[in-house]
Amino acid sequence: MSQFNPKEFENKWKQQWLSEKLYKTPTDKTKKKFYSLYSFPYPSGAGLHVGHVEGMVANDIVARYYRMKDYNVTLPMGWDSFGLPAENYAIKTGIHPHDSTEEAIKTFIDQIDRLGISVDWDKEVGAHRSDYYKWTQWIFLQLYKAGIAYKAVAPVNWCPKDQTVLANEQVINGLCERCDTPVEQKEMSQWFFKITDYADRLYDDLDKVDWPQGTKQMQRNWIGRSEGTTVRFAVNAGSKQVNSFDIFTTRVDTIFGCTFTGIAPENKVLTEIKEHITNWPQVEEYITQARNKTDLQRQTEKDKSGVKLEGVVAINPFNSNEVPIYVVDYVLNTYGTGSIMAVPAHDERDMEFALKYDIPIIPVLKPKSEEYISYVSRKWSNDFNKFLNQIAEFNPIYLKKTQEEVLFKFKAEFIDKYIDYASKSVEGKSAWHDAVSESEVVVIFGSDKAEFSGVDIARIPKFMSDENIWIKMKDFEESIRQYSNIWTMYYNSEYREKICPALTDGITINSGDFSDLSAADAAVKMQEWLKSKELGNKKTNYKLRDWLVSRQRYWGCPIPIVYDPEGNAHAIDEKDLPLLLPTDVDFKPTGESPIKSSESFKKLAEEKYGKGWYFEADTMDTFVDSSWYYFRFTSTDDQNQWAISEEMNYWLPTDLYMIGAEHTVLHLMYSRFFTKFFFDQGVINFDEPFYKMRHMGTILGPDGRKMSKRWGNVINPNDEVEKYGADTLRMYEMFMGPLEEPKPWNDRTESGVFRFLSKVWNTNAKVQENVQKSAEQAKIVNRLVKKITDDIEILSFNTAVAKFMETLNSLNEFDSIDKQAWLTYVKVLAPFAPFITEELWNLNGQQSTIHTQSWPEYNAEIDIEEQVTIAVQVNGKLRATFNIEFDSQESNVVEKAMQMESIKKFVTTEPKKVIYIKNKLLNIVV
RNA sequence: GCAGCGGUGGUGAAAUGGUAUACACGACAGACUUAAAAUCUGUUGCACAUUAGUGCGUGAGGGUUCGAGUCCCUCCCGCUGUACCA
């Protein structure tokens, strides 16, 4: 037989499968179904990349497997074909996005077919084609009718270079995600989808789906649900109440520690109380300043700033204390109520602000058990080593330990000894020790004192009700600067944790009637109290914002809205859809939508609706297109509705969804939102679209870096198919490592896979009917069937490939191979390497295609070993192995083990215990 | 900071709490060859030892267990995401 040369047959089979429509989606609904979905690819001019191949092959293997298991299988493919790259390309070259996109799609289809991905092309859709975006527009109208799509003037992120609005999600560290230009804020009238209505369900229903934990967590973080309380603070001018405002907090249990309140610069409460603010000009200047800052500036400026409102104070409803009101830019107007109660003792940001502006810091929680923390340096000890030896009896926990300095924790019971040792250790003016606990600060000075009422040891309680320890400590620093740098300890994070513990389960102190409670109990009681006084309520807040869908771009789906001459929005009648994207436009970005330059678009509106009427000129975010394509796939034949309920209810939710790890938040969130919307409309009977979802791990370049033109490490799948054939590329990508892990490309390993397939090819020459030892071979292949079946179910493709290799090596130990065993081997290999297996199937004289054969069954009855290897351990250490009959009695196993020299020498006395794991292991404990 | 994932040979990586390193790559030795490539065979965790063998080994340190890469605690490192969200 000839050498393995995939070029000789891959193209032949590709043509035949396509012309026979081998992968056509069945239309009957009598069987179980499997919906294998690959994420909507953007048809880039660069063609398919190796990451696409990885995901598609995974989808394909599973699809082929379920077809052989006699499921109804669908593996559809379509194009997320609207979007900026094609438009930017058009601006550069003048080639219309429609033309470049269709061209790119052709390349994609050709590449996907060459890889043998079993796509049902009858279901192909393209977001940019009017038979698709007609329904995107229709969906917009449904959302509009339901009050979910709405128009609002809002400050939006504006990229001055791309001349477009960006969603919050497209702003990375204040920079445009595409061109890294600093993003500006701009007020514009924009369309939004009210996704926030669904925040709770989007959060809770994550429990229903089988997704990677990390992705679920990211979705939860993005929604950012937090449960808390609103509290109403009165605003007094003089002694008279003039107004009030609500704050939002998740830690109402710390409210007795509130020593100031913070209001966001944009908060409208400020204008309401403006007349009472005696330093308004100063405040106004600060507000203007803060507003002019871009997001980037606000983020990079770590230093917190604010202005105190003079003439007004806020009243803490719990103790009627007057607390100052500050306008501060670290409070966000868009979250919660836009104002906070600040508790510096238990919030790092508030602490920082309080230290800067000399605001009192009152601790109101203490931990359940007390410890001291101390920092000691060799420099300030007269005998550092002796001191270290002494404190060893405290069982200290070292947070930091070097030759020169230690930072350690110890239990409160040792404090007197500590003071004793420390007093002896310090010597001279510049020496000092200190220890800080939750309730006191102990400072031991080797000074000739004076400043400290004549003592060398200062024990300062932290929870003095009338005074504030931190202010006092600051005073110390003024007077003892020459002795110590104690102030620096505020900036040591270890200390700070002790000083302002972020306690969730502490005990309340300094909290009036609510003292001596656990934090959780205090919160409940305080909430009840607030409710009874009508001063506050439980409240849930979200980080999630409504979805801004307007884009001032050409290459997208037109928004189906028309305006009358007064500028009022009207929905376009459904029967007038699609509202076609005009072609006579100037792409050049001007800051306005390019579509505004279209004469035909203007004319169409006036002809249809009357003079002065005009269409919405913005297009939709392309995430709208990709949020519903998996519905459309179920019903592509039907031109009269967006999708058929019966089809959707049968095929969805998807059984395997492969998407890149970069799509962990937006696409999935939006798709889930649409699904819930249609569920609520009664159109579908499921409310999560993707049951099982997995990410393919990024494939890195051979140098271990991310593939990029910049590094010149991009692997093009075309080249690999050219070199080794599609089967090798497929199997290599599956063999690289676990599907979800990032993994570097390795040419050598790839050629190893080619070598394996060549061996498969050559082994075929040894195949005969009725060979000797065929039972033994059947047993080997039977085990393969089990492993491959299991591995496909759990998507463990790398171990499946290893098993194919191992099994082939075993079979090749025989001089001739049994045909039945061999055909089984080829069948289970078929989903992984569809071309070579089809060819071998054919060469062995089999009828029809291998890809519609039924999946071999694992036979447990023949899978028995006559002999098993028993590992013998003594005290858990492996000392010997021996073979014995399958399912031997324990006593026989023990007896045989005890006769072995290598065991005898370790077992000199009667064993204390013997543990026997059947057919596997014997552990003798002596 | 926070969240998620991960750390095992020279490399990619295997391992329901039960013989750590399957499978592959590379390396080394040999066969074939005038030679090379390809192919085939053997060896390949580390250390000591001529052999037999012994000891050590899954980021570090503890714990649970007859037995831990796997479970628990503390910590270190890397990657990804995210961040004034009260």
Side-chain angles (χ1 to χ4, degrees), chain A residues 3 172-173 212-218 220-222 224-226 228-229 247-252 254 261-262 264 298-299 301-302 304 328-332 334-343 346-350 352-353 397-399 493 502 541-544 661-662 664-665 695 697-698 704 732 735-738 740-753 755-756 758-759 762 796 798-809 869-881 901-902 905 911-918 920-926:
Chain A
Q3 264 202 326
I172 313 293
N173 294 327
Q213 276 310 312
T215 305
K216 288 191 186 185
Q217 195 54 43
M218 275 186 219
R220 289 198 186 101
N221 290 347
W222 195 261
R225 178 159 84 184
S226 53
T229 313
I247 61 93
F248 173 76
T249 178
T250 54
R251 295 299 306 278
V252 70
T254 63
T261 58
R298 275 211 198 179
Q299 273 168 24
E301 269 174 32
K302 289 281 170 219
K304 301 191 177 358
V328 288
D329 65 0
Y330 75 87
V331 176
L332 305 177
T334 45
Y335 184 78
T337 59
S339 42
I340 59 161
M341 68 170 200
V343 183
H346 303 288
D347 182 284
E348 217 175 316
R349 293 157 304 173
D350 298 345
E352 195 186 314
F353 192 87
I397 296 169
Y398 290 100
L399 303 167
S493 65
N541 261 320
Y542 305 91
K543 287 194 233 175
L544 186 72
E662 69 278 13
T664 46
V665 179
H695 300 297
T698 317
Y732 167 60
F735 186 54
M736 291 173 86
E740 306 210 58
E741 300 290 313
K743 36 202 176 270
W745 191 270
N746 184 330
D747 294 317
R748 306 259 196 195
T749 309
E750 188 187 18
S751 64
V753 173
R755 218 175 310 185
F756 159 71
S758 306
K759 269 194 239 174
N762 295 333
S796 179
N798 54 330
T799 52
V801 176
K803 188 68 181 177
F804 281 121
M805 292 171 167
E806 194 191 316
T807 304
L808 190 71
N809 291 342
T869 305
I870 303 292
V872 188
Q873 297 181 336
V874 179
N875 291 339
K877 244 182 164 52
L878 181 72
R879 293 300 177 187
T881 59
E901 281 306 319
S902 52
K905 70 178 173 187
K912 282 187 197 140
K913 199 171 178 182
V914 173
I915 287 134
Y916 177 57
I917 310 295
K918 206 170 179 189
K920 242 191 181 153
L921 177 141
L922 184 72
N923 189 10
I924 301 163
V925 185
V926 294

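Keep in mind that the numbers below use all heavy atoms, side chains included, and drop hydrogens, waters and symmetry copies. A note on names: the letters A, B, ... follow the listed sequences, proteins ahead of strands, and every chain is numbered from 1. From a predicted model like this one, the values you see are computed outputs, not experimental measurements.
- Remark: N875(A) engages no residue in a side chain to side chain donor-acceptor pair (under 3.5 Å) (not counting sequence neighbours).
- When the P atom is used for both U54(B) and U64(B), the distance is 28 Å, rounded to whole Å.
- To the nearest angstrom, C1' of C25(B) lies 11 Å from CG of D747(A).
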Encode nucleotides 4-20 of chain B as B, S and - characters from 5' to 3', where the letter depends on protein heavy atoms closer than 4.0 Å: B to the base, S only to sugar-phosphate, - to neither. S-------BSS---BB-

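- Comparing the P positions of A86(B) and A3(B) gives an interatomic distance of 14 Å, to the nearest angstrom.
- With C84(B), A22(B), C25(B) as the candidates, the nucleotide lying closest to the side chain of E806(A) is A22(B).
- T698(A) meets the side chain to side chain donor-acceptor pair (under 3.5 Å) test with no other residue; sequence neighbours excluded.
- Between K905(A) atom NZ and G55(B) atom P the separation is 8 Å, expressed in whole Å.
- Taking the P atoms as reference points, U16(B) lies 48 Å from A35(B), given to the whole Å.
- Across the protein-nucleic acid pair, M341(A) atom CE and C84(B) atom P stand 20 Å apart, rounded to whole Å.
- When distances run from any side-chain atom of W222(A) to the nucleotides A86(B), U82(B), C25(B), the shortest one goes to U82(B).
- Between the side chains of D747(A) and Y732(A), not a single donor N or O lies within less than 3.5 Å of an accepting N or O.
- Nucleotides G67(B) and G57(B) have their P atoms positioned 16 Å apart, rounded to a whole Å.
- In this structure, K905(A) has no side-chain contact (heavy atoms from CB on, under 4.5 Å) partners at least two apart in sequence or on a different chain.
- You'll find that the side chain of N221(A) is closest to A3(B), out of A3(B), C40(B), A86(B).
- One P atom belongs to C25(B), the other to A38(B), and the distance between them is 12 Å to the nearest Å.
- Rounded to whole Å, the separation between the P atoms of U65(B) and C72(B) comes to 16 Å.
- The side-chain contact (heavy atoms from CB on, under 4.5 Å) test applied to N798(A) returns P738(A), S796(A), not counting sequence neighbours.
- Within 4.0 Å (heavy atoms only), K918(A) reaches no atom of the nucleic acid at all.
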Reading RNA chain B 5' to 3', what string of ( ), [ ], | and . shows its pairs, if Watson-Crick and G-U wobble pairs count only when both distances fall under 3.5 Å? (((((((..(((.....[....)))((((((.......))))))((((....))))..(((((..]....))))))))))))....

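- Residue K877(A) places its side chain closer to C56(B) than to any other of C23(B), C56(B), A86(B).
- Distance check on atom P: C75(B) versus C56(B) gives 29 Å, rounded to whole Å.
- In this structure, N762(A) places its CG atom 16 Å from P of A38(B), rounding to the nearest Å.
- With both ends at atom P, the span from A20(B) to G55(B) equals 13 Å, rounded to whole Å.
- Counting to the nearest Å, the P atom of A24(B) and the OH atom of Y732(A) are 15 Å from each other.
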